[in-house]
There are 2 protein chains.
Amino acid sequence: MSLSRQLSPSRTRDDGRGIPDATVARLPVYHRVLRTLADEGVHTISSDHLAQSCGVSPAKLRKDLSHLGSYGTRGVGYDVALLSYHISRELGLSQPWGVVIVGVGNLGHALVSYRGFASRGFEIVGLLDSHPDVVGKRVAATGVDLIVQPMAQLEMLVRESGASIGVIATPAEAAQKVCDRLVDAGVRSILNFAPAVLVVSDEVEIRKVDLAVELQILAFHEQRRVDDSSQLAQVMNA
Amino acid sequence: MSLSRQLSPSRTRDDGRGIPDATVARLPVYHRVLRTLADEGVHTISSDHLAQSCGVSPAKLRKDLSHLGSYGTRGVGYDVALLSYHISRELGLSQPWGVVIVGVGNLGHALVSYRGFASRGFEIVGLLDSHPDVVGKRVAATGVDLIVQPMAQLEMLVRESGASIGVIATPAEAAQKVCDRLVDAGVRSILNFAPAVLVVSDEVEIRKVDLAVELQILAFHEQRRVDDSSQLAQVMNA
DNA sequence: AAGGACTTGTGCCTTCGTGCACAAAGTTCA
DNA sequence: TGAACTTTGTGCACGAAGGCACAAGTCCTT
């Protein structure tokens with residue numbers, strides 16, 4: 001896509017540097033499980049065993065890991081610490097990322113108090129909200145406490161903190177405007193919790209988490225299930 | 001997979017009844033956008049326009065909708081109300097689904113106060129927590145208030161309410177045990193927010209939402225971006 | 001030192017998802 | 001009525017992802 005990727009086919013691992021998206025999406029899981037294993041004192045693990053702990057097939061796990069390089073030992077398995085290090089390095093977890101959260105309602109609070117951030121190199125560097133009742137409040141994050149800033153501070157906050165990731169936890173109506181301001185301020189990675197489709201330029205990456213969507217997917221399969229069993233009952237009564 | 005699907009190739013739409021997973025995952029978005037359009041008084045919309053509002057390509061949208069049947073009119077477009085109805089019907093949104101939420105911390109609170117549930121046929125029928133400070137508290141949901149029940153009530157609550165979907169918003173350590181109890185009580189669809197890999201039997205469907213995973217995926221691409229630009233700078237200095 | 005047991009890394013094949021392009025069908029206007 | 005224009009539905013081709021199976025490499029035992 002970008003200019004520089006075309007003119008530099010020189011990266012060491014994974015010839016030409018293309019890790020499939022599906023693999024990238026699983027690496028964080030492998031990483032988390034490996035750290036848990038390390039805490040438990042496990043030093044070496046086979047792909048079969050690790051795959052089971054991660055809920056994937058062994059073949060898929062091995063193929064995923066092969067994209068990072070050859071960090072396993074045939075006949076033995078993977079060194080937990082080594083593999084964990086290389087995954088975190090590949091994911092960019094070895095350097096800290098500044099995160100700005102916009103919208104400090106219930107969800108925003110939940111995000112701030114989520115313990116999985118700091119340990120993975122994410123640092124919340126700013127909280128923003130538009131509601132006067134919330135602005136100025138002190139919120140306990142992991143490590144330091146933060147004070148909710150008014151929306152007018154957005155651009156300055158992003159610029160001064162050098163934040164690179166923006167999280168949108170506002171109502172749907174406000175999401176697009178917040179998104180535009182984040183992008184204008186220089187943010188190129190956005191995690192959107194608002195149930196709205198955001199339009200951005202190609203250079204910005206957006207990931208979306210929608211609670212209602214997940215529930216509706218579950219409902220679809222649940223309905224299929226009850227349809228099936230009622231049909232089955234009909235057949236058996238016939 | 002299941003017995004009944006094999007013996008009933010008689011469903012009307014989508015010969016043999018197989019809607020691709022990728023399509024199912026997008027239907028909720030189409031549905032939400034269509035309802036917004038209906039509220040704005042739009043009666044008819046073309047696939048091009050709807051696709052743009054949903055952030056997908058027109059071809060993909062049309063193919064997705066074709067799995068439900070032919071509900072568009074050539075030369076005109078889709079009737080917003082009709083299409084919205086058929087999608088909601090396919091997703092099982094026309095009948096109410098009972099939802100039990102386990103873990104009423106910050107995230108649990110955010111879920112309860114989320115307004116997107118009731119309007120899509122999801123009704124929160126129970127809140128559970130293990131912490132004595134939380135049990136017994138009244139939490140304002142959409143419509144009715146709910147009182148947080150102790151974990152011991154789980155089985156009874158699921159059975160009496162007939163809840164079909166369970167949401168796990170507990171710490172990771174408790175997730176597997178909660179999951180097992182939900183399944184034992186008869187729940188077959190689970191939405192898991194805890195950062196843990198849950199093992200269940202094949203007949204149970206689990207969907208997972210992991211905030212840290214999403215951030216790490218963003219970090220990966222963000223890192224690739226800065227790698228590229230620093231390499232580009234090197235090339236330009238040479 | 002050699003053979004057997006074990007485990008990784010990968011080539012091949014199948015399946016799934018996406019995009020293009022066009023025929024079929026409907027509408028509007030003269 | 002008929003011709004020009006619009007839009008859906010879909011056949012086809014291509015690329016991404018997943019799974020199988022095995023060669024290559026490592027350790028252990030005798």
Side-chain angles (χ1 to χ4, degrees), chain A residues 1 12-27 29-30 34 37 42-80 82-84 86-87 90 202 217 220-221, chain B residues 1 12-27 29-30 34 37 42-80 82-84 86-87 90 202 217 220-221:
Chain A
M1 300 296 186
T12 45
R13 36 185 190 296
D14 194 57
D15 39 329
R17 195 55 182 303
I19 298 183
D21 288 347
T23 295
V24 173
R26 284 185 292 265
L27 288 180
V29 178
Y30 304 156
L34 283 169
L37 288 169
V42 179
H43 287 122
T44 295
I45 190 166
S46 71
S47 66
D48 276 42
H49 200 291
L50 179 57
Q52 192 169 14
S53 303
C54 297
V56 301
S57 76
K60 207 193 302 197
L61 174 71
R62 288 202 296 275
K63 193 164 286 189
D64 282 344
L65 296 182
S66 75
H67 288 290
L68 313 184
S70 285
Y71 298 122
T73 312
R74 300 180 186 214
V76 180
Y78 296 93
D79 181 285
V80 172
L82 182 70
L83 187 55
S84 175
H86 279 291
I87 292 179
E90 196 65 40
D202 293 348
I217 295 172
F220 171 82
H221 291 112
Chain B
M1 298 292 189
T12 46
R13 34 182 191 298
D14 195 57
D15 39 331
R17 195 59 184 299
I19 298 184
D21 287 347
T23 295
V24 173
R26 283 185 293 265
L27 288 181
V29 179
Y30 304 156
L34 283 169
L37 287 169
V42 179
H43 288 124
T44 296
I45 190 168
S46 71
S47 65
D48 276 42
H49 200 290
L50 179 57
Q52 191 170 14
S53 302
C54 296
V56 302
S57 75
K60 206 191 305 195
L61 173 72
R62 287 202 298 274
K63 192 162 286 185
D64 283 344
L65 295 183
S66 75
H67 289 289
L68 312 185
S70 286
Y71 297 125
T73 312
R74 303 182 187 213
V76 178
Y78 296 92
D79 181 285
V80 172
L82 182 72
L83 187 56
S84 174
H86 279 291
I87 293 178
E90 197 66 40
D202 293 348
I217 295 173
F220 171 82
H221 291 112

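In what follows, chains carry the letters A, B, and so on, assigned in the order in which the sequence lines appear, proteins first and then strands, with residues in each chain numbered from 1. The model shown is predicted, which means the values in this text are computed figures rather than measured ones.
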Which residue lies more 5' along DNA chain D, comparing B/Lys63 with B/Gly77 via nearest heavy atoms: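 That would be B/Gly77.
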Protein-nucleotide distance ([X], atom [atom1]; [N], atom [atom2]), rounded to Å:
X	N	atom1	atom2	answer
B/His86	D/dT8	NE2	P	16 Å
B/Leu50	D/dT6	CG	C1'	17 Å
B/Lys60	D/dG15	NZ	C1'	13 Å
A/Asp79	D/dT26	CG	P	16 Å
B/Leu61	D/dT7	CG	P	14 Å
A/Leu27	D/dA17	CG	P	13 Å
A/Arg26	D/dA16	CZ	P	15 Å
B/Asp21	D/dA17	CG	P	16 Å

For D/dT26, does the base pair up with any side-chain atom of A/Arg74 as donor and acceptor (N or O, under 3.5 Å, distance only)? no
Pairs satisfying side-chain hydrogen bond (donor to acceptor under 3.5 Å, both in side chains), at least one member in residues 47-64 of chain B, at least two apart: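 Output for this query lists B/Thr23-B/Asp64, B/Arg26-B/Asp64, B/Tyr30-B/Asp64, B/Ser47-B/Arg62.
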Look at B/Ser46 and D/dT7 and indicate whether a side-chain polar atom (N or O) is within less than 4.0 Å of OP1 or OP2. no
Within less than 4.0 Å of OP1 or OP2 of D/dG9, is there a side-chain N or O belonging to B/Tyr78? yes
List for me each residue that meets side chain to side chain donor-acceptor pair (under 3.5 Å) alongside A/His43, sequence neighbours excluded, and say none if there are none. none
Rounded to the nearest 0.5 Å, what separates atom CG in A/Leu61 from atom CG in A/Leu65? 4.5 Å
How close do A/Val80 and A/Leu34 get, heavy atom to heavy atom, and via which atoms? CG1-O, 3.4 Å
Are any non-hydrogen side-chain atoms of [X] and [Y] less than 4.5 angstrom apart?
X	Y	result
B/Leu27	B/His86	no
A/Leu50	A/Leu37	yes
A/Ile217	B/Asp21	no

Provide the start and end nucleotides, 5' to 3', of the part of DNA chain C that has atoms under 4.0 Å from heavy atoms of chain B. C/dG17 to C/dT27
